[in-house]
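In this chain, residues are counted from 1 in sequence order.
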Amino acid sequence: MKNKIMLITYSDSFGKNLKEVKQVLDTYFKREIGAVHILPFYPSSGDRGFAPIDYSKVSEEFGTWEDVEALGREYELMFDFMINHLSRRSPEFRDFVEKHDASPYADMFLRFSRFWPGGEPSEEQIEKLNRRKPGAPCEVVDFADGTQEKVWCTFDREQMDLDLNSETAWNYVAKTLRGLMDHGAAMIRLDAFAFATKKPDTSCFFLEPEIWKLMERVQEILDERQIPMLPEIHDHYTVQQKIAEHGYCVYDFVLPVMVLHTLYSGDGTRLRRWLDICPRNQQTTLDTHDGLGTVDVEGLLTEEELDRVIQETRRQGANFKWHYSQDTVGKQVVYQINCTYYSALGERDQSYLLARAIQFFSPGIPQVYYMGLLAGANDYELMERTNYPRNISRHNYTVEEICREVERPVVRHLCRLMQFRNLYPVFDGTMEVMDTPADILQIAWRDSGLEAVLWADLKSHAFTVTYLDEQGIMAALDLDTDFVWNQ
């Protein structure tokens with residue numbers, strides 16, 4: 001994909017539907033956004049779109065395929081494909097429930113009776129699993145013939161796991177991916193893929209070599225249109241490095257918590273090390289529709305440093321998602337911080353702009369969440385009204401609200417930074433992190449005789465961006481003026 005900033009948005013959060021998303025982008029962010037990750041817009045039965053019922057349709061409240069394709073004519077598009085699961089309300093699963101073993105989809109879903117020797121896992125086997133909920137990851141399904149059976153269910157009860165050892169499931173995968181490419185996908189985000197490899201007496205998470213075979217098989221389908229995929233996984237940073245070594249683009253999920261640590265502490269030592277070793281073929285983030293993952297920085301920050309980040313975000317109004325550590329039985333640990341990035345930085349404009357400048361000068365293509373684009377604060381009202389902690393960072397903006405928000409100085413200044421990142425042709429070149437005192441960060445990019453430098457005081461959060469202009473003279477980026485590059 002082009003090295004332009006990608007927006008992450010729901011279809012009904014940046015305007016009420018896909019037509020309004022395009023209207024807002026065309027009106028206010030034409031030079032700031034080059035691509036859009038439209039979070040799942042298919043009919044779904046749960047998890048804000050991540051329990052897809054039918055990938056061949058656009059959910060009526062969002063619009064039509066014509067609306068998606070109109071957006072795709074102006075911006076590169078990334079679509080989600082949930083390779084691990086499908087909604088229990090999908091036509092395929094409904095047919096399975098109705099006809100049971102006589103259904104053509106009977107082998108498409110992962111049945112406990114066929115997976116576990118003896119039909120049931122032991123307590124020891126359950127303890128080995130990488131789980132997202134207590135107990136065995138299954139749902140008891142009542143079939144039309146009066147029988148019951150357990151079907152694997154890693155996440156919410158609406159999300160029934162596929163059996164990717166069956167050709168029935170792979171036929172479905174291939175048909176679906178080809179359909180998404182037909183409708184203009186420029187990149188496929190492979191959601192929850194690490195849970196799709198399963199074998200008894202293992203964690204059933206990112207199993208090798210099975211995971212590489214799964215990814216190769218998906219990429220072979222996408223290669224029919226030269227479409228890259230972006231595998232989504234939160235895990236130890238070395239897993240992302242391993243995926244990158246296999247030639248795939250990865251997420252930089254280290255950066256969100258690492259930048260918070262850097263700006264909270266005023267010390268860039270840890271960040272500089274990460275910039276030295278991080279993959280280059282990556283998509284960078286500070287915020288997404290999910291929270292800020294903590295497992296990603298384990299081994300890069302000490303336990304004490306990570307705890308200080310958690311405690312500071314707590315002071316800024318964050319809430320947390322927990323899980324039980326597999327390393328320390330029974331110990332509950334934070335694995336996700338739920339908070340907007342602007343609020344995590346105390347809603348201080350200067351600190352927030354510096355965080356974005358660091359992201360834009362880091363290796364990879366930047367992604368900016370729609371609330372981050374508008375420097376949005378925590379939405380406590382939505383969180384409390386819906387009784388759903390993640391909604392703290394999922395405010396639904398109307399077009400009228402966006403019209404007001406774009407006039408805020410912090411949003412205008414962020415747009416100038418984004419214009420520079422998109423238009424100044426140096427970020428496909430080479431990066432150098434300068435040897436400076438711990439409280440100073442200096443990053444330089446060079447390519448074809450051009451140069452851009454970020455200099456930052458990590459204590460005061462003052463920063464400058466300088467670059468060689470058309471006459472070869474070093475100039476300072478003016479955040480009060482639109483950036484223009486004519487060379």
Here the pair of heavy atoms bringing Asn338 nearest to Gly291 is OD1-CA, 3.6 Å
Can any side-chain N or O of Glu74 pair as donor or acceptor with the backbone N or O of Leu71 at less than 3.5 Å? no
Short side-chain donor-acceptor distance under 3.5 Å, Arg394 and Thr340: no
Is Glu76 paired with Lys2 through a side-chain N to carboxylate O contact shorter than 4.0 Å? no
Under the side chain to side chain contact (heavy atoms under 4.5 Å, CB included) criterion, do Tyr42 and Phe81 qualify, and how do the steps go? CA-CA 10 Å; Tyr42 328 107; Phe81 179 62; 5.9 Å; no
Check the pair Lys19 / Asp67 against salt bridge (charged side-chain N to carboxylate O under 4.0 Å, His left out), numbers first and verdict last. CA-CA 6 Å; Lys19 278 189 171 68; Asp67 297 320; 2.7 Å; yes
Quick one: do the Trp445 and Asp428 side chains pair a donor with an acceptor below 3.5 Å? no
May I ask you to check if Lys30 and Tyr75 form a cation-pi contact, with NZ or CZ under 6.0 angstrom from the six-membered ring centre and within 45° of the axis? yes
Going by atom types alone, do Glu69 and His183 pair a side-chain donor with an acceptor below 3.5 Å? yes
Would you say Ser343 and Gln316 are linked by a side-chain donor-acceptor pair, where the criterion is simply a distance under 3.5 Å? no
Ion pair Arg225/Asp182, N-O distance below 4.0 Å: yes
Regarding Asp290 and His234, is there a side-chain donor-to-acceptor distance under 3.5 Å anywhere? no
Can you name the nearest heavy-atom pair linking Ile83 to Ala196, along with the distance? CG2-CB, 4.3 Å
After noting the C-alpha distance and the side-chain angles of Arg315 and Glu312, does the key distance pass the salt bridge (charged side-chain N to carboxylate O under 4.0 Å, His left out) rule? CA-CA 5 Å; Arg315 282 189 284 273; Glu312 182 57 33; 2.9 Å; yes
May I ask you to check whether Tyr369 and His289 place their ring centers less than 6.0 Å from one another? no
Aromatic ring centroids of His395 and Tyr397 under 6.0 Å? yes
Sidechain-backbone polar pair: Asn378 side chain, Tyr380 backbone, donor-acceptor under 3.5 Å: no
So is Arg421 actually on top of Phe427's ring, under 6.0 Å and inside 45° of the axis? yes
Using the benzene-type ring in the case of Trp, are the ring centres of Phe361 and Trp455 under 6.0 Å apart? no
Ring centre gap for Phe41 and Tyr10 strictly below 6.0 Å: no
Is it true that Phe195 and Phe206 have ring centroids separated by less than 6.0 Å? no
Can you find a side-chain donor-acceptor pair between Arg385 and Asn387 that sits under 3.5 Å? no
Verify whether one side chain among Glu208 and Trp212 offers a donor that lies under 3.5 Å from an acceptor in the other. yes
Donor-acceptor contact present, side-chain His461 to main-chain Asp457, <3.5 Å: no
Donor + acceptor pair across side chains of Thr284, Ser362 (<3.5 Å): no
Side chain of Gln419, backbone of Arg31: donor and acceptor closer than 3.5 Å? no
Honestly, is Arg408 close enough over Tyr342, meaning NZ or CZ under 6.0 Å from the six-membered ring centre and within 45° of the axis? yes
Nearest atoms (heavy-atom pairs only) where Ile38 meets Ser11: CG2-OG, 3.4 Å
With distance as the sole test, does Gln311 use its side chain to make a donor-acceptor pair with the main-chain N or O of Arg308 at under 3.5 Å? no
Can you name the nearest heavy-atom pair linking Val399 to Glu20, along with the distance? CG2-OE1, 3.3 Å
Inter-residue atom distance Glu405.CD - Thr398.OG1, 0.5 Å rounding: 9.5 Å
Within the distance-only criterion (no hydrogens, no angle test), does the side chain of Thr481 pair as donor or acceptor with the backbone N or O of Asp478 below 3.5 angstrom? no
Quick one: does Thr285's side chain have a donor or acceptor within less than 3.5 Å of a partner on Thr288's backbone? no
At their closest point, which heavy atom of Gln159 faces which heavy atom of Asp47, and how far apart are they? NE2-OD2, 3.1 Å
I'd like to know whether Phe193 forms a side chain to side chain contact (heavy atoms under 4.5 Å, CB included) with Ile233, so could you lay out the CA-CA distance, the side-chain angles of the two residues, the decisive distance to 0.1 Å, and finally the verdict. CA-CA 7 Å; Phe193 80 102; Ile233 181 173; 3.8 Å; yes
Heavy-atom donor-acceptor pair, Tyr352 side chain to Ala344 backbone, under 3.5 Å: no
Show the nearest heavy-atom pair for residues Arg356 and Gly372, with the distance to one decimal. NH2-CA, 3.5 Å
